[in-house]
Structure formats: structure tokens, C-alpha cells
Amino acid sequence: MAELSKTYEPKDVEEKWYQQWMADGRFHNESANGGDPFCIVIPPPNVTGILHMGHALNNNIQDVLTRVARMQGKNTVWVPGTDHAGIATQNVVERALKKEGKVRDDLGREKFIERVWEWKEEYGSTISNQLKKLGASCDWDRERFTMDEGLSEAVLEIFCRLYDKGLIYRGNRIINWCPRCETALSDEESEHVDVEGALYHLRYAVKGKKQRIVVATTRPETMLGDTAVAVNPRDERYKDLIGQMIVLPITNREIPIIADDYVDPEFGTGLVKVTPAHDPNDFEMGLRHDLPQINVMTDTGIMNENAGPYEGLDRFECRKQLMEDLKAGGLVEKVDVHHHAVGHCYRCDTVIEPRLSPQWFVKMKPLARPAIEAVNDGRIKFVPERWNNTYMNWMENIRDWCISRQIWWGHRIPIFYCDDCNHEWAAKTAETTCPKCSSSKVRQDEDVLDTWFSSWLWPFSVFGWPEKNEDLNFYYPSKTLVTGNEIIFFWVARMIMSGLEVMGDIPFDTVYIHGTVRDDQGRKMSKSLGNSIDPLDIIEKYSSDALRFSLMMITATGQDVYISDEKFEIGRNFGTKIWNAARFMEMHSEGFDVKDLSFNEEDLTPDDQHLLAKLNEAIANTNDHLQRYRFNDATLALYDFFWHSYCDWYLEYAKPILYKGTPEQKKHTLQVMHFTFSTALRLLHPFMPFLTEELWHGMDYNHTEDTIMLAAWPEKAIAKGIDPATVKYVDGKHDLIRVGRILRAEYNLANKQETTFCVRPVNAGYAKQIDNDKESIMAALKAEAIEVDVNYAPKGAMPSGISALGAVYMSIEGLVDVDAEIEKLTKELAAVNGHLANVKKKLENPHFVNKAPRDVVAVQEKRRDELAEKSEKLAKMIETMRG
RNA sequence: GGGCGAUUAGCUCAGUUGGUUAGAGCGCUUGCUUGACAUGCAAGAGGUCACAGAUUCGAAUUCUGUAUCGCCCACCA
């Protein structure tokens, strides 16, 4: 047997096993191997990403599910990969260029993209490598990138299909424009942030009259693009104004006053300035009233030539100056503080400018219908279930998806235009000739697609779709999608839609939504707050297993996870505990063959049976909790079993046998220990893969598999040789030991202090069992001797207590504090009588006896009897004590 | 404006279909250099389960309302 070191050195061990697993191809699988498929596709992290706690949690969960499935013998693949993250990556590279004093136009499109690829080659695998430190058992042979050739093919294919079906179209609409990224964004990419802004009340002059009207706006600078002022047609105050003209200040443009139902007479002044090129509602009104659309800004949010004297100013600078000018002209009625939600770019946090712009859209309603159905009829389940509502709410109000981006890094839109005949078509190949007029004046659309337009194909594109192949056939649909709630709209919903559209089948049957990782004050972890805890630091400090186990331990289903450094001590301490238990076993195993884990079931002692019963419970509970995605309960069940049932009770029970028992007894006990330990290792493996693998080998078991990764997952308990009555007796024995320890503790007895315990068992059966168990009970109580007598009567005042097996007395020379004993027992008697009274009251209530289920009543009756007996005994003890 | 979640021990949180005395980790108190482990062992203190009603023989758990905190969605300029 290889000797285990005194202390566990996780760093070397973890590195070693990951390398070994990789070298042995343990993570890889393919359809040709047949069997029961189990597939998980990773939510591809951004190539720009570095591992944070959210990733750690997310991938940890996937790894646990994957490792369990693999041990269950399923044909398991966990497909990893990264996302090209269009805007984010382009931003990173542009920032690098800026340091060289360049902008992307200096390089040109082609050179710039080359540069991004270079960046990707150099830094793009950072996060994948970090996942390896976590122990993620991804099938790295299958690693994909959303800009891979294959995945790009999938993007082009679905674009053309949807275009030809009329589900992709080009439209001129108000979209969310980020003036910093200089691109359009989807509605989901605009994050609404509540801000304290201002509601500016501006005075507009009515043409030909002295009258001034007041309009309220939050964005006064858009006034330069106003093409009307609107009132509600039923608003009596302004009836006369309808049809009149307004003269706009500064530019002196004349615009009409129109009537539109959209206007809420209750809000502001009941008069709304209409800027069709900068507001979605105004845009709609503009269409209804055939108003001109005046865009007053450039791509970068600078006022353009339509802004007259403000041309060249930044939009916010313009707002400031314009207000000053209006104020000077007496055209500002008032400025109110106003709280409202303002859209911000989800990539760079710049204030979004709603802006009229020609963009490409996907018509979502037809795609949404089957996706709604799939969740409604239960083919896809959200865990926790409440996310159904979130999903449904979004799906039922779905709006068309703006998919074009004015950046360079991404999948270029496969639309071609003929400059001669204005023909427009979609094609997967680079077109040079117009199919309609044969002209060679053909150009491709300049825009690229939204990053999510490639990730929504992920569950099937990773297997080579549109190519038909066995893997795709075998592994699709995948099993569980594990993700955070923040990308339900971005990603989950869209994958469901694309899967049903393209594959005609759901992409996964379960969506497990885990919580957000927060700091111990409940704040989201972020770089700017400086409160993030780096998983790699935690691995360095506590080990990967510790990180993993602790994360799982504190992750209640779907609840947010609050972490601080100390939380990881749980996992580290548990790892140490397991390691030391193994060392203890190793110490005593010398000269014994522990390769053979079988034992004779007829020889099981009561404590053996008790341990195995607890093991059975742990197996059943772990499986049950895992099936229900209750990871914290699963880890707690294992933790509790290993630490308390196995170490605290069984190993302590085993000590006297190992030190003083016969070789036969030793051998039998070691077999039970090793059987239990090896089962526990397998149960723990998905949560602590490295330590368990190290010990699997360190303990030198007679493996059928040379890695614990493929050892059989414990599903069923051992049934034979366990007698429930005996298990119950051992529960009682533990209670007896506890009572004895309390007596020692109350008298602060040193271990060396000689003590004898006298036990008066409740029946002869227990008397015999206790007598047989004397050795282990004495060891647990550090007692010199134990006297067992069903008729035991204390000779004088003795510290005592009542256990499930009977009364326990502690014999100590001249140390008894009689008054304290009487007080203690009297207190306990009062408590027992209190409970007894409650139970009696319950049982005397005819409603309870008649209506409660029989077993509940039976429990109460039993409890009543037990309490009555205990009460009687305590009274007698007090009597004796006084006597 | 809608929707969702949270409120349980000093702290951070479990508590699945209502049913014995509401649990864990950390922290705290006391005693242990016990031949695996002080990253440990044993014992202990600490909770009117946010509040108010309702249902029920029985509520931390179900229902209604209130309060506080958090998240998501939403075109009131």
C-alpha cells in the first residue's frame, strides 16, 4: 500500500490527476460507443472572459452532473467551447490598438479582423485553461468556438433559411444605438438603469399668436429634431391648438400640432414634443401622421448638421448649452427632478441613444409559438419552476430581434446587393455575380450578426449541423442546460426556438437556473466594486476540491449564493478530514488484504449494521437530491454521513478492536471500513474529484476500473445483514454514550479521572447487548468499568441521566454535588412534565384523535408513554438523591 | 406600473408534499497536547420562524393583507 503523506498536498495532486485524465482520454466519448446518451453543452464563456465565481458555480454544477452520469455508465459528453463575443472582443482589441495610437480604420476591415484572430489565438484559451483547474471534465476534443468554420457554416445556413422563409427582413426602425460601440443593439442588450434625471418644461411659441405652450421632455436636445407637438384629441384644454403651427426655438422650424391617442393628458403638461427619429413612440406617431424624420446626431452621439448652431457638440454638452440658451431666452418654464429608467449599453455602460436606423431583424412570433408550447406541455422543464413565468412572459410579448451590428468582428451578414438592378439576396458563398442581371457590381452587406445569433445554434452546431452525422443524431437533444437567470432571454429562449425550428426537437429537457454569486453583503461581484473573489485564488489557498465542495454546500436550489473567503474552509476542512480518515485506515491495514472489500454479512456487529444503514441512507438521499438538483442537500448528506456516522461514531467504535481485538475481528472491521470508505469515495467523487481519485489509488483497492471516474456509481444500498431493531439499539447506545459524556462534562472530569458507569437497562435484551458492547462503550466514555444491571439501585447520591436504553449513573469518589444534581434533575423533570402535559392534552382532544392520521396519533401515544416513564424515573432519582 | 424572490440562532443560510423537542456551518462559552485529524474531539449557551389576520385537531410550512430589502420586466414624454 502506498503510504499517504501526513498532510494532503492538493496542488500537486490536482495537477497530476487532471493531466492523467486528459492523457487517458477519460473525458472523451463518441456515439459509436453506443449506450445511453448523456450530453451537456456548456454555456460558452466569452473568449475575453476570465474565470469568476459565477463560472465556477455554473461549471461546477455541470461537472457534477457529468461525472455522476459517467459513473452511471452513460455515454457522457460535456461539450466545451467559447463565444466570439463580438462587441466585447472588438472592444478589447480596439483598446490595445489605442495604446499604439491607432483606431480600427487605420488598419481597415481585413487587417483588423486578422488582428482580432491573433488576439484570440494568444488569449482566447485563458478561460478554458482555467476551467481545467476547476476539474471540469469537458470533452476537450470537442471544443468549439462560435467563429469556427463549422459553426459559421451553421450561422450562414440558418440565416439563409430564415431569410428565404421571410423570417429575416431589413427594416428602418428606432433601435438601441450605442454611440461608443457605434452599433445597434437588441432590446435585451439595452439595460435599463433607474437614474435621477430632469423633466424639462420648455416653452414653444404658437405661430402667429402671442400664446406659448409648454412641453415636457427628458431629452431637450432632441427638440432639434422635433417635427410636431402632439396632444390627446379628447383633451379639452388644447382642442383649439390642433392644426396650428409651432415655431421651434433656435432653429425656427415650423411644425404642426397634431392629435394622437398616445398622449396621456395626465402626464406633464399633456403636450408632447414629437421626435420621430429618436423615440420609438414618436416614430410610430410620425408614421401615423406622415411626419418628417430628422436625425440630429452622428454615429458617435455628436450633434450633426441638423442641430444648427450645436453641430459638433456631444449630445450631453448640447443638452447643457441648449438649456442655457433657452433659459436666456425665457423659454424654460421649470425643471423638475425626474426619476426614470434609461437604457445603457450592456457592454460599455454608455447611455443608449434610440435612433432611426436601417437594420436586420428576425421575425420572432412564428418561432416563439412552438417554443411556448414546448414549455407549456412539459417537454422542457425549468428548475426551479418559477422561471417558467419569466420565460412565458417574455415569449408571449416577444418583439422582433435586431440582429445586425455595425462592427467588424463577427459573422458577416450573408446578404448581397446588385448595384445595377438593386436585387438583394442571401447566399452562403461569396457572391460575385448578380443572379438576376448577371452584373458583377455585387457587394456584400457591411454589417455582422449579433453574437447571440451564433450561440442560439450551439446545442446542434457543436455537433456539426447542418451536416448530418451520427454524433448529432445521438447526442441531440442534450439533457440539462445549466445557466444563470440573466441569459434566459438572450440565450435559453432563443436556443429553444432555433432547436425546434431547425432540428424539429427541443435542445434539452431541463433548464437548471442557478443563483447569482454575490459577496457576503449581497452585492453582485464586480470588478468596479473590487469585491470579487477570484476562484483561482481560492484554489491556490484552499484547493479546487475545497472550492467545489463549498460552493455546492452553500447553493440552495436557485437561490443566490453569498460567499466570502471563510466559506471555503468548510470544503478544505472536509477534505482534510477525509484524508486523515484514510491515513487512520491505512495505519491499521498493514498486513491485511484490503483489496478484497467483501465481508461476511452474518458477522456484522450492531455497530457495523448501524453504519451500513446510515450508508444506505446516504446513498438514497444523495441520489434523490441529485435527481432533484438539490446540490446543497446532496453534499450535506454526504458530509454528515462521512464526518459523523463514519468518523465520529464508527472509527471511534473501531479503535478498541483495531488496537486490542483478535486478528479475525480486526480483519472483519477493516473490511467494513474499507467497503464503506470506498463507497463514500465514489459518492464524493463528483464533488471532490481530485482527492477522491488520489485516495482511490492510495488505498490500493481492487479496482475493476483504474480511475474512480469510471467506478460504479452507488445506486443501491446493501440490504442483507441489517436488522432494524439492531440499528435502533445502536441509536440507543449512542444516546447512552451521550448521556454518559454529559455527566463527565458536568463534572469537568479529566480523561484520566477514574470513573465507573452503572447502567440500568430498560429490559433484559438491552442488558445483554450492552454487556456485549462494554468495550466500545467504555472506550467512548473513557470509563474504567461499566456495570450493567436491570435492577441496579444507586447506593447513594450519584450523578445520573436517562438514555434511550436506560438510566445511567456515574460513580465518582467524593465529588458529587448533591444539590446541583437535584437541581439538574428537577429541571429536567419539569421539562419532561411540560412535554408530557402537551402530549396528553393533544391526545385528550377528540378532534385530534379522530381527524389526524392513525400513525401520527400512534406516535403521540408512544411519546406519551415514554415521557410518563421518564418522568417517573426522574422523580425516583430525585427521591434517591434526597434520601 | 406589473412580476418574482427574500425576511428563521450573533453572522451566513437549510427546512421538499402541514405532524415528536425548528437544523447546519461560522462565531461564542467550557473542558480536552485521547496513538487519523487542534483544518481536530466532547459538552454548552443562543430562536415568541418580519408583522396582522384566516384555514386546520395541528402552521416556519397553506391562504389574505402589511412592512422592509433585492432582482427582473415595462414606450408615460
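Every heavy atom of this structure was used, including side-chain atoms; hydrogens, water molecules and symmetry mates were not. Chain letters run A, B, ... following the sequence lines, proteins first and then strands; every chain starts at 1.
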C1' atom, B:C11 versus B:G19: distance in rounded Å?
-> 31 Å
For the pair made of CZ in A:F848 and C1' in B:G18, what is the distance, rounded to whole Å?
-> 13 Å
Roughly how far apart, to the nearest Å, are B:G5 and B:A9 at atom C1'?
-> 23 Å
Would you indicate what A:P354 reaches in the nucleic acid, counting non-hydrogen atoms under 4.0 angstrom: base, sugar-phosphate, or nothing?
-> nothing
So what does A:F574 touch, heavy atoms closer than 4.0 Å: a base, only the sugar-phosphate, or nothing?
-> nothing
To the nearest Å, how far apart are A:M587 CE and B:U34 P?
-> 14 Å
A:K842 NZ to B:U20 P, in whole Å, measures 7 Å
When we call it a touch if two heavy atoms are under 4.0 Å apart, what does A:K782 touch: a base, just sugar-phosphate, or nothing?
-> base
With a non-hydrogen cut-off below 4.0 angstrom, is A:K655 in contact with a base, only sugar-phosphate, or nothing?
-> base
Looking across every strand, which nucleic acid part, if any, lies under 4.0 Å from A:R583 by heavy atom: base, sugar-phosphate, or nothing?
-> sugar-phosphate
Should B:U66 form a Watson-Crick or G-U wobble pair with both distances under 3.5 Å, which nucleotide is its partner?
-> B:A50
Provide, to the nearest angstrom, the distance between the CD1 atom belonging to A:I257 and the P atom belonging to B:A77.
-> 21 Å
Would you kindly give the CZ-to-P distance between A:R355 and B:C75, to the nearest whole Å?
-> 21 Å
Interatomic distance, A:R572 CZ vs B:U39 C1' [rounded to whole Å] = 5 Å
Out of B:G44, B:C4, B:U16, whichever nucleotide has its closest atom nearest the side chain of A:R386 | B:C4
Could you let me know what B:G19 is paired to, Watson-Crick or G-U wobble, both distances under 3.5 Å, or none if it's on its own?
-> B:C57
When the distance from CE of A:M285 to C1' of B:C76 is rounded to whole Å, what number comes out?
-> 11 Å
Using a cut-off of 4.0 Å on non-hydrogen atoms, how would the nucleic acid contact of A:N845 be classed: base, sugar-phosphate, or nothing?
-> sugar-phosphate
Pairwise P distance for B:A60 and B:A22, with rounding to whole Å | 10 Å
Which one, B:G15, B:C37, B:C76, comes nearest to the side chain of A:R630?
-> B:G15
Worked check of ring-ring contact (aromatic ring centres under 6.0 Å, His included) between A:Y391 and A:W387 = CA-CA 6 Å; A:Y391 172 84; A:W387 294 108; over 10 Å; no
Base, sugar-phosphate, or nothing: which does A:T390 touch, judged by heavy atoms less than 4.0 Å apart?
-> nothing
Sugar-phosphate only, base, or nothing, as touched by A:R399 at under 4.0 Å among non-hydrogen atoms | sugar-phosphate
Euclidean distance, A:M553 CE relative to A:N632 CG, rounded to 0.5 Å = 9.0 Å
When both distances are under 3.5 Å in a Watson-Crick or G-U wobble arrangement, the nucleotide paired with B:A77 is none
Going by atom types alone, do A:K273 and A:T222 pair a side-chain donor with an acceptor below 3.5 Å?
-> yes
Using the six-membered ring of A:Y659, assess whether NZ or CZ of A:K666 lies under 6.0 Å from its centre and within 45 degrees of the ring axis.
-> no
Select base, sugar-phosphate, or nothing to describe what A:H278 touches, counting heavy atoms under 4.0 Å on all strands.
-> nothing
Please measure how far the P atom in B:U12 lies from the corresponding atom in B:G27, and state the result in whole Å.
-> 15 Å
Proximity to the side chain of A:D633 - top-ranked nucleotide from B:A14, B:A74, B:A77 | B:A14
Are the aromatic ring centres of A:W579 and A:Y8 under 6.0 angstrom apart?
-> yes
Is it true that A:W649 and A:H734 have ring centroids separated by less than 6.0 Å?
-> yes
Looking only at side-chain atoms of A:Y262, point me to the closest of B:A36, B:C37, B:A77.
-> B:A77
Watson-Crick or G-U wobble partner for B:U29, using a 3.5 Å limit on both distances?
-> B:A43
With sugar-phosphate meaning primed atoms plus P, OP1 and OP2, does A:D648 contact a base, only sugar-phosphate, or nothing at under 4.0 Å between heavy atoms?
-> sugar-phosphate
Give a yes or no on whether the ring-centroid distance for A:Y512 and A:F631 is below 6.0 angstrom.
-> yes
Nucleotide nearest A:H644 (side chain, heavy atoms from C-beta), chosen from B:U39, B:A77, B:G25 | B:G25
Describe the nucleic acid contact of A:R744 in one word from base, sugar-phosphate, nothing, applying a heavy-atom distance below 4.0 Å.
-> nothing
Considering only atom P, compute the distance from B:G46 to B:G10 and round it to an integer number of Å.
-> 11 Å
What is the nucleic acid contact for A:E266, judged by heavy atoms within less than 4.0 Å: base, sugar-phosphate only, or nothing?
-> nothing
May I have the distance from A:H847 (atom NE2) to B:G58 (atom P), rounded to whole angstrom?
-> 9 Å
